[in-house]
Amino acid sequence: MLSSLLLLLTAQSNPVTVITNVSVITPGSNQISQSQDVGFDNTKILFVKPTGTEPIIPSATKVDGTGKFIIPGLWDMHVHLADERSLGLFTANGVTGIRVMFGQPLQLTWRKNIQTGKSPGPEMVLAGPIVDGPKPVWNGSIGVSTPDEARAAVRKIKKDGYDFVKVYSLLSRECYLAIADECKKQKIDFAGHVPHSVGILEAQAAGQRTSEHVMEVALECSDHPEAYRAKIESAAQEGLTKASEVSRELAPTIVGSYSLEKQTKLIDELAKGSMWQCPTLVVLRNIANLDNSSINNENQNKYVSPFMKVQWDPKNDFRFKNRKAEDWDRSRANYSSIVEFTRKMIAAKVKILAGTDCLNPYVYAGYSLHEELELLVKAGMTPTDALASATINPAKFFGRDKSIGTISEGSVASFVLLDANPLEDIRNTHRISAVAQNGKYYDRKALDKILKDREY
Ligand SMILES: [Zn+2]
């Protein structure tokens, strides 16, 4: 508890702002504390008290929160970054934290620029460059062929100052297990795709912290997962094209032998286990629907560079350019089955994180996190649990639930002030009145300025 005297002293050295008579939302519960005063300085929330019970600080700036709702700052747990200025789009959309899934040296500088107040942007947790098989899917990845190379990649990523290791689809089993072991030794997390060569539960047992995009489920629930994995694994050593070719050949057998019993067991084990799921429904929906324009948001395209718009055209994307009508139909059916699997995970209380995979086609920095919340609700989450997946769940995932993901005394002053109640309709998270990012307060006018400056 901060005594009144201490509070007055704090107010002299740090400007204090008080949002008065606001409704405070605790994600994960349906509880709303009405008529609260929330005071914060340039780093922390100083108090959350029923309106009128905290002594008046003469120097404090007051914001009338009547009719408004306050939620903790949102986290997008799966993003990619193209440039520094797009970072402001997260702040302008109430996304006060991001987990960057493909780190590059420049991003360490961008993070510093945010921390020193040079430019607006979210808190950044950074993966190193992707670690993949010998012929990586993406340029800029670290390709590894042997366990020694895999271990060396882990040590380099740690030495270069990144926060965790991102594993990817084409890793061989022995390289993957070497990464898991080296990460334990170096005390650094690893997360990302469950490689084709490894089972989901095996990845969980190896200590992988998150699994992205609900991958490898069909294989896990098939009749002979080890045999299929071995085939895809050897193809993966020759690169993505070969791996996809073999996957496509095996698909009818894998899907044909899908066992609901195995699925139930898998979901049970995930619910009991330590690995978090980041389904990224918004990107999966988009890439299943690139052949129609419904996913194209004209209001948001103005924040996308001309270069990126060209990249977003499926004709220019190596993953989609050869797709035919039946491939799009198949990918839509695949998306529906992912949504149904997610629905079951939600019902079984599997640990879920909200993430978008922005920078992929029509997945917009900042904006799309709100779409992800909406899609999670459509898949069966309550609005308050959807909010939790972007606030208190990331906080628990990082082991920081005392300082972020909550509106309480002593927590980091990163929050979003909304004009309408998100528990009534999750789309109300779009209705942003103000954002605080680590104690820096942006009212609507300031947020609009950030947006204006980022138009192309
Ligand atoms: Zn990604």
Side-chain angles (χ1 to χ4, degrees), residues 74-83 86-87 89-90 95 97-104 106-107 110 122 124-133 136-143 157 162-171 176 179 189-196 198 200 203 208-217 236 240 243-244 275-290 295 304 308 311-312 314 317-320 331 334-335 338 342 352-369 371-372 375-376 389-390 394 397:
L74 300 166
W75 278 74
D76 185 336
M77 293 297 282
H78 190 132
V79 314
H80 298 275
L81 301 173
D83 54 35
S86 66
L87 286 161
L89 295 171
F90 293 101
V95 178
I98 56 175
R99 188 172 67 129
V100 180
M101 299 306 284
F102 194 160
Q104 276 138 18
L106 253 184
Q107 294 167 358
W110 300 349
M124 289 165 72
V125 174
L126 278 174
I130 284 174
V131 186
D132 203 355
V137 176
W138 301 100
N139 287 333
S141 301
I142 305 175
I157 286 165
Y162 297 104
D163 303 311
F164 68 102
V165 173
K166 163 97 181 266
V167 287
Y168 215 68
S169 298
L170 303 183
L171 279 169
Y176 176 83
I179 290 170
D189 282 345
F190 70 106
H193 290 195
V194 171
H196 300 310
V198 180
I200 300 172
Q208 183 166 330
R209 297 287 327 276
T210 65
S211 165
E212 316 300 308
H213 324 303
V214 201
M215 295 172 96
E216 305 301 312
V217 169
L240 180 67
S244 306
M275 188 161 70
W276 292 74
Q277 300 296 314
C278 190
T280 63
L281 296 177
V282 62
V283 69
L284 299 176
R285 180 202 63 186
N286 285 8
I287 60 178
N289 290 286
L290 283 178
I295 51 166
V304 179
M308 195 52 65
Q311 304 295 306
W312 281 4
D317 191 316
F318 68 90
R319 296 170 293 175
F320 315 120
S331 89
N334 184 39
Y335 176 63
I338 286 171
T342 304
I352 288 177
L353 298 167
T356 64
D357 216 352
C358 61
L359 217 58
N360 269 289
Y362 307 99
V363 187
Y364 300 91
Y367 290 95
S368 285
L369 197 261
E371 286 185 274
E372 181 69 16
L375 291 172
L376 286 169
S389 75
F397 170 76

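Just so you know, ligand 1 is whichever comes first in the structure, and atom 1 is the first atom listed for that ligand.
- Side-chain contact between W75 and L369 is absent, with no heavy atoms from C-beta onward closer than 4.5 Å.
- By the side-chain hydrogen bond (donor to acceptor under 3.5 Å, both in side chains) test, S141 is found to be paired with no residue, residues two or more places apart in sequence or in another chain being considered.
- In terms of heavy-atom proximity, A203 sits nearest to V198 at N-CG1, 4.0 Å.
- Protein atoms of type N/O/S that fall under 2.8 Å from the Zn ion (ligand 1) number 3 in this view.
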Kindly determine whether E212 and K166 satisfy salt bridge (Lys or Arg N to Asp or Glu O under 4.0 Å), including the steps that lead there.
CA-CA 11 Å; E212 316 300 308; K166 163 97 181 266; over 6 Å; no
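- Within the 6.0 Å centre-distance limit, the rings of F318 and W138 are counted as a close aromatic pair.
- Put simply, the side chain of Q208 never gets that close to the backbone of M275: no donor and acceptor are under 3.5 Å apart.
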